[in-house]
Structures are given as C-alpha cells and as structure tokens.
2 protein chains.
Amino acid sequence: MNKELILRLSKYKRLLFKLKALGLERVFSNNLGDAIGVAPSLVRKDFSVLSLSGNKRGGYDIDMLIEKLDIVLGRDKPQEVIVVGCGRIGTALMQYEEFRNEGIKIIAGFDVSPENVSKTSGVPIYHIKEMKDFVEKNGTKVGIIAVPDSEAAATLDMMIESGIRGVLNFATIELRINNRGEIDNEEQPCTIHNINICLELEHLFYQVNVANEMEPEKAE
Amino acid sequence: MNKELILRLSKYKRLLFKLKALGLERVFSNNLGDAIGVAPSLVRKDFSVLSLSGNKRGGYDIDMLIEKLDIVLGRDKPQEVIVVGCGRIGTALMQYEEFRNEGIKIIAGFDVSPENVSKTSGVPIYHIKEMKDFVEKNGTKVGIIAVPDSEAAATLDMMIESGIRGVLNFATIELRINNRGEIDNEEQPCTIHNINICLELEHLFYQVNVANEMEPEKAE
DNA sequence: CGTTTGTTGTGAATTCATTCACAATATAAC
DNA sequence: GTTATATTGTGAATGAATTCACAACAAACG
C-alpha cells in the first residue's frame, strides 16, 4: 500500500462525509476525481484495488464507500494521541479544533517543565518522565513531537522506548530510524512522518522566485 | 523540476551547512545519501542534473555546493512571509524559533480582530483589510493560512488578489486552484502547499492499526 | 423490447523517478 | 612514473504509479 494511495483514501472519505451531509447517496468517479484533484480513472483504479465496486451506470454508493474505507483505514479503533513538548506549537495543537471533527483526541501532553505549561486546553500535562507509564497504561500508539530541534532525536528514542509506534515530528530535523522512516526488521515497527515547515516554505520560495520566473516552457 | 528533487536539494543544503560548521570541506555522495536517507547514486544524479560536478576521487566541494544550491533554490532574495489568521497556530508560527536559523522572517500577521491578538511576538498585527496594501508595498510573495477551515477558501482568494504567489495552508481542507495546486494558465501563477495535520495523523493510525498489524509479507 | 447512453472495471501503454552498472578518471601509494 | 584505488558521472534497466482505451454492462428511454 502506497503512501499516496492512503492519503487519497483519507481524502475520499472526508469528501464522502461532506457529500453525505449534503444529502447525496451516490457519486461518480469523476465527481470524486474533480474534488480531490486526480483523474477519474485513478479513483476507479483505487476502488478496484480495494474491491469496492459500483454500479455500471449509477456510480458508487456513498454509504458503502464510507463503511469500507473506514475498515481499510482502520478507523474503528479510538484515535488517541499524545503531544510531547508543550511549547507554543505543542499547546496550539492541544487546542486544535479540527481534531474533534476527525475523531482525533489529544489525551495528554508531556514536557520537561509541566509546571510552566498553561492548563487551559483541558488536556492533562505531565512530566516527560511519566510518559512511559502513561503510554503503557493507556496503550497509546501515536504521538506528536513538538520539542526544540536539539531535543528531537532523544525525544523520539524515549517515545519508541515507551511504546509509541507512530510519530508526527514537527522539529525541523528529519527524524529517521534506519533508512526510511520505518523500522521493519524489528518486531515492533515505528512509522515517522516529518512535517518540516521550514522546508515547505523554502520550497514555496523556490517556486515563486525561481520556477515561476523562468520562461513558461522551461519552468517545472 | 520535481517536487521531491527540490525537497532533497533543500535537505542537502541544510546538511552541508552543518558539515561546514563542523569544519569539513568536501563530501562524498554516499555521505550525503546516508545522512538524508537516499541512495548515493541519486545524490550524484541530482548533482549531475544541476551540472554540479565533483572531483573524480575527492568528492564534492562543500562551499561550491552551497553556493550553487543557493542559486538554484533562489535563496539570494529575502525570505519574508506573512501569516493570515492569528489564532493559536498562527501566533505559534510567528514565534517559531527555527525560522530564524533558516533565514525566514515573518514580517506581519493579519486577523479579522487584530485587537484580540497578543503582540508578544514582536510581529506587527494588522486587520486583514490592510493585507493588500501591505503586500503591494512590501512586495511579499509568500503567506501562511492559519484561519479556521470555514474561512480558508475565502482567505486564499484574498491573498491571491493581494499579490501572494506562494501559500502554505494549515487548514484541513485541501486548497487548490484549478487542478493541482498551481495556476499555470494565468499570468501570475500561485503555488499552494497544504499541510494537513489531521491527514498525517490518520495516515499514522493506518500504519499503526492496519499495515503493521498484518503479516510482514502482506504489509506495505 | 430494442436501442441509446453513460459509467464502471481493468489490461495495456505510458511516464517518470530511482537504481544499477560500469567506464572514466583523479588521487594516492609505492 | 606506474599501478592501485576510490569516486564520479551517466546511459540503460528497472519498477511503480498513473493514464489510456475500450469492452462490459446497467439504467433510461422510446
């Protein structure tokens, strides 16, 4: 299963929810394709791979798609997350409204000095030393790294040691285990996704200052 | 120019800075490959495409690489950014330390009620109505969207109308213009990058709950 | 009931990034 | 100065994701 494919499946699902809320019952591959910006043939191929079949003329049943996608994406289990590092980014995430709509819940924050963290978010804040106990007790599997760059690598080690198996990293250093974000020779693999805001902005500056300044033919 | 390629170039550059700070003068393709997690042949291919050549035995000259990469990536110009939406995410970004190291500067924040935004970051906060004037006066080309989902599409329109040509979107709805994040039939193209935290977390849950729970052979 | 229409489903073709493999060659060693 | 060695540079091979193209077919229509 391809990373891009999984991302598309999540996008389909989100879109299908909205269409359903609007009262629709069926969709065509080109509706979905238009909305998420891919070719209709790719939508059909994706569904084909997952054995989601539609009606030869009436398109796909929205409820069916949502139900099957939920299974494929593993959305039956609770989506609970911890945040490690309660600085500005960390606390902003704890109060992030949109998580609620997606069924994602931040269940705890951890910091080296929890006494300095405002508790306004309603999320309990603990000292980072308590992380392992907490994660074991709650069976938490996913966590966010929002610590300064200098602490990121050590934080990752602690999280993996605690039992975390999926990590979203906001530090600007690229965290990896072995070669490509996943341990696969270990019994318990851990997946790491890096969100590197600086890198994204730099990419935009490239597009704006370089790619778009070229002759249209040379560009991109 | 491929998106992944541009990202790799930024990573090379960042790494080269660190190596230089450590006193190194030359690197081999496998040093760079190991460090950023790609094959050495890809590093060589990347440099080959850009006509960055090394010495048949002594590797690549770090200063030369940095200099040339800076040109290719368009880092000569100032990297100034505005933030639209000064809620928790927006203000956290305004105070984000790591931008400084990368030469990125947040030069203003805009909000519908600037009077409610704390000014502690040192970044001036204006009413969103003043954006167009500001952007025109300062020639700003890149901006960050940190408004609620419901406002995101309208905010994008305003930013483009104001003259912004590169957008980093933190709202969880996927913003696009035409089909794929770029207008290319217009005179002034605009590139949009979406950072969708919910999507990333959902992807992690998929990895943790589904992919990694399968038999190792079936997984991924 | 036969015909038209529109959409799915999928094997084949395509495209494109990455890896392979190795000739070319600069440096080091002797 | 000759030989050995390590690394670059790149054309060809590979591999994977996407698009194409069209047969199959269900629904609508007359």
Side-chain angles (χ1 to χ4, degrees), chain A residues 1-12 16 19 24-65 68-69 72 176 178-182 203 211 218-220, chain B residues 1-12 16 19 24-65 68-69 72 176 178-181 203 211 217-220:
Chain A
M1 278 281 221
N2 184 300
K3 174 173 169 160
E4 289 300 318
L5 172 56
I6 304 297
L7 249 38
R8 283 200 302 275
L9 297 182
S10 286
K11 290 181 189 173
Y12 295 144
L16 288 165
L19 294 177
L24 300 199
E25 295 184 352
R26 339 204 86 241
V27 272
F28 300 136
S29 59
N30 64 26
N31 301 145
L32 293 172
D34 287 350
I36 79 162
V38 303
S41 56
L42 182 53
V43 176
R44 295 201 298 277
K45 181 74 88 182
D46 286 346
F47 291 170
S48 166
V49 167
L50 301 172
S51 312
L52 308 180
S53 53
N55 273 31
K56 274 284 147 70
R57 196 157 158 177
Y60 299 87
D61 181 83
I62 291 182
D63 284 330
M64 179 277 289
L65 286 179
K68 297 273 186 70
L69 285 174
V72 173
R176 268 177 303 127
N178 293 348
N179 14 10
R180 280 181 169 276
E182 287 179 44
H203 190 170
K218 290 184 185 175
E220 180 74 4
Chain B
M1 277 282 221
N2 186 298
K3 174 173 169 159
E4 290 299 318
L5 171 55
I6 304 298
L7 250 37
R8 283 200 301 275
L9 297 182
S10 286
K11 290 180 189 173
Y12 295 144
L16 287 165
L19 294 176
L24 300 200
E25 295 183 354
R26 338 204 88 240
V27 272
F28 300 136
S29 59
N30 64 25
N31 302 145
L32 292 172
D34 288 349
I36 79 162
V38 302
S41 56
L42 182 54
V43 176
R44 295 200 298 277
K45 180 73 88 181
D46 287 345
F47 291 170
S48 166
V49 167
L50 301 172
S51 313
L52 307 181
S53 53
N55 272 31
K56 274 283 147 68
R57 196 158 160 176
Y60 299 87
D61 182 82
I62 290 182
D63 283 330
M64 179 276 291
L65 286 179
K68 297 275 186 70
L69 285 174
V72 173
R176 266 176 305 125
N178 295 345
N179 12 12
R180 279 181 170 277
H203 191 169
E217 293 86 69
K218 291 184 185 176
E220 178 75 7

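These values consider heavy atoms only, across backbone and side chains, with no hydrogens, waters or symmetry-generated copies.
Taking atom CZ of B:Phe28 as the reference point, atom P of C:dA26 lies 16 Å away to the nearest angstrom. Taking atom CD on A:Glu4 and atom C1' on D:dT19, their separation rounds to 16 Å, with Å as the unit. Atom NZ of A:Lys3 is separated from atom P of C:dA17 by 17 Å (rounded to the nearest Å). Rounded to an integer number of Å, the gap from A:Asn2 CG to D:dG15 C1' is 13 Å. Going from atom CG of B:Leu42 over to atom C1' of D:dG9 covers 14 Å, rounded to whole Å. A straight line from CG of A:Leu50 to C1' of C:dT8 spans 15 Å, rounded to a whole angstrom. Computed from coordinates, the B:Ile6 CD1 to C:dA17 P distance equals 11 Å when rounded to whole Å. Straight-line distance from the CG atom of A:Asp46 to the P atom of D:dA16: 17 Å, rounded to whole Å.
Using a 4.5 Å cut-off on side-chain heavy atoms (C-beta onward), A:Val43 and A:Asn31 make no contact. Side-chain contact between B:Val38 and B:Leu32: absent, with no pair of heavy atoms (C-beta onward) separated by less than 4.5 Å.
The two residues A:Ile36 and A:Tyr12 come nearest to each other via the heavy atoms CD1-CE2, 3.3 Å. The two residues B:Arg44 and B:Ser29 have their closest heavy-atom pair at NH1-OG, 3.2 Å. In terms of heavy atoms, B:Leu69 sits closest to B:Leu16 at CD1-CD1, 3.7 Å.
When heavy atoms are screened at a 4.0 angstrom cut-off, B:Arg26 is found touching no nucleic acid atom at all. Within the nucleic acid shown, B:Gly59 comes within 4.0 Å of sugar-phosphate atoms alone, with no base atom in reach, counting heavy atoms only.
For A:Tyr60 and A:Phe28, the ring centers are positioned 6.0 Å apart or more.
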Going 5' to 3' through nucleotides 9-14 of chain C and flagging B where a protein heavy-atom sits under 4.0 Å of the base, S where only the sugar-phosphate is that close, and - otherwise, we get BBBB--
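Projected onto DNA chain D by closest heavy-atom contact, A:Leu5 and B:Asn30 fall at different nucleotides, the more 5' of which corresponds to B:Asn30.
A donor-acceptor pair under 3.5 Å links the side-chain atoms of A:Asn2 to the main chain of A:Glu4, judged by distance alone.
Every residue two or more places apart in sequence or in another chain was checked for a salt bridge (Lys or Arg N to Asp or Glu O under 4.0 Å) with B:Asp34, and none qualifies.
Checked by distance alone, A:Arg57 brings a side-chain donor or acceptor within 3.5 Å of a matching partner on the base of D:dA27.
Axis angle between the ends of the helix from C:dC1-D:dG30 to C:dC30-D:dG1, five pairs each and rounded to 10 degrees, works out to 10°.
For the side chain to side chain contact (heavy atoms under 4.5 Å, CB included) with B:Lys68, the lone residue among B:Leu52, B:Asp61, B:Leu50, B:Asp63 that qualifies is B:Leu52.
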